[in-house]
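Start at 1 with the first residue, then count along the sequence.
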Amino acid sequence: MQRVFDFAIASAALLLLAPVLLCIAAAIGCLDRAPALFFQKRIGKDGKAFTMIKFRSLTPDGTPTRMGAVLRRYSLDELPEFWNVLRGDMALVGPRPMIEADQPKLPVIRALRQQIRPGITGWAQINGRNALSFEQTFRLDLWYRRNRSLWLDLYIVLATVPCVLSGRGACALAPTSRPKVAQARKPANATT
């Protein structure tokens, strides 16, 4: 059921957002004089590598492009990942896919979180996003893995909208059962 849910939502999103995707691609091409799409190898379910598609938002040295700051603030650079959902590389909801450089970190937690497909959004994204430490994010991902359901996925998708529109690194939108999150860069207090 979750795969059907993912496929239906991703298909509808790509159709409805097609004009927005084209406008963003054109803006990147005009303002940044660079290819609109960025392809990066990420680690998915069962540790298998796949190519994730995003809108280009950073230069090769890691600084934001002219469009990059806006794209990243409102997560618009993530929109092409709906194609990864259609392909089955990703889900709508799940842990964010890891880059290869992060593979050695927390190997036991990494192995557990890779038992499910990575997602465009996730439990960590609506409970702190980039304000969380690496360890806090992993603990929230593990909480999601143990409690995942179609209803929780639907909740996370709906809660993602105000988080993205606010443009903040953190967003306090979660049911009372959510694990408690400590301040960023401090030891995680999240229930594991």
Side-chain angles (χ1 to χ4, degrees), residues 1-10 13 40 42-50 52-55 57 71-99 102-103 105-106 108-182 184 188-192:
M1 286 298 296
Q2 284 178 317
R3 178 62 186 143
V4 172
F5 172 77
D6 287 346
F7 192 89
I9 298 297
Q40 185 179 49
R42 294 290 182 109
I43 307 302
K45 187 176 184 295
D46 300 324
K48 294 179 180 176
F50 71 96
M52 190 174 76
I53 310 169
K54 300 179 69 171
F55 279 126
S57 60
L71 293 177
R72 294 176 73 84
R73 178 175 175 82
Y74 296 103
S75 298
L76 296 173
D77 59 323
E78 312 285 353
L79 293 179
E81 291 168 33
F82 282 116
W83 178 249
N84 287 116
V85 175
L86 284 186
R87 287 173 44 87
D89 300 323
M90 295 175 65
L92 287 176
V93 178
R96 288 295 294 163
M98 296 176 65
I99 60 175
D102 288 337
Q103 284 287 86
K105 299 178 182 177
L106 303 176
V108 175
I109 296 178
R110 180 199 71 223
L112 289 172
R113 85 195 273 274
Q114 286 179 1
Q115 292 175 2
I116 56 177
R117 281 190 182 91
I120 294 178
T121 186
W123 192 237
Q125 280 63 53
I126 66 167
N127 281 290
R129 201 174 165 188
N130 295 332
L132 299 173
S133 69
F134 194 84
E135 290 80 6
Q136 286 173 316
T137 298
F138 268 20
R139 280 165 168 54
L140 289 169
D141 288 340
L142 291 185
W143 186 94
Y144 168 76
R145 175 186 166 273
R146 286 196 305 270
N147 295 278
R148 66 192 297 250
S149 69
L150 185 60
W151 295 111
L152 181 58
D153 281 6
L154 180 59
Y155 173 82
I156 292 172
V157 168
L158 294 175
T160 297
V161 175
C163 289
V164 168
L165 292 178
S166 72
R168 295 191 304 270
C171 184
L173 256 180
T176 55
S177 62
R178 78 177 188 266
K180 189 176 180 181
V181 180
N189 291 333
T191 303
T192 58

Distance from Ile53 atom CD1 to Met90 atom CE, nearest 0.5 Å? 10.0 Å
Find the distance between CG (Leu142) and CG (Asn147) and round it off to the nearest 0.5 Å. 11.0 Å
Stepwise, does the side chain to side chain donor-acceptor pair (under 3.5 Å) test hold for Asp153 with Gln2? CA-CA 8 Å; Asp153 281 6; Gln2 284 178 317; 3.1 Å; yes
Return the NZ to CZ distance between Lys45 and Phe50, rounded to the nearest 0.5 Å. 13.0 Å
Can you name the nearest heavy-atom pair linking Leu71 to Phe55, along with the distance? CD1-CB, 4.3 Å
Polar side chain donor-acceptor pair, Glu78 to Ser75, under 3.5 angstrom: no
Got a second to check how far Leu92's CG is from Arg3's CZ, nearest 0.5 Å? 9.0 Å
CD1 of Ile156 to OH of Tyr144, rounded to nearest 0.5 Å, is 5.5 Å
Residue pair Val85 / Phe7, side-chain heavy-atom distance below 4.5 Å: no
Check whether any side-chain heavy atom of Met98 lies under 4.5 Å from a side-chain heavy atom of Gln114, and answer yes or no. yes
Taking all atoms of both residues into account, what is the closest heavy-atom pair of Tyr74 and Ser166, and its distance? CE2-C, 4.5 Å
Would you call the rings of Trp123 and Trp143 parallel, tilted or perpendicular if under 30° counts as parallel and over 60° as perpendicular? parallel
List in chain and number order the residues that pass side chain to side chain contact (heavy atoms under 4.5 Å, CB included) with Ala124, two or more places apart in sequence or in another chain; answer none if no residue qualifies. Leu132, Thr137, Leu140, Asp141
A side-chain contact here means heavy atoms from C-beta on lying under 4.5 Å apart; do Asp89 and Met52 qualify? no
Give a yes or no on whether the backbone of Ala91 and the side-chain of Arg117 come within a donor-acceptor separation of less than 3.5 Å. no
With side chain to side chain contact (heavy atoms under 4.5 Å, CB included) as the test, would you mind laying out the steps for Arg148 and Ile116 before giving the verdict? CA-CA 10 Å; Arg148 66 192 297 250; Ile116 56 177; 3.7 Å; yes
Heavy-atom nearest pair, Pro118 first then Ile43, reads CG-O, 4.4 Å
Leu150 side, atom CG; Tyr155 side, atom OH - distance, nearest 0.5 Å: 15.5 Å
Inspect the contact between Glu81 and Arg87 and indicate whether a charged nitrogen and a carboxylate oxygen are less than 4.0 angstrom apart. no
Going by atom types alone, do Arg96 and Gln125 pair a side-chain donor with an acceptor below 3.5 Å? no
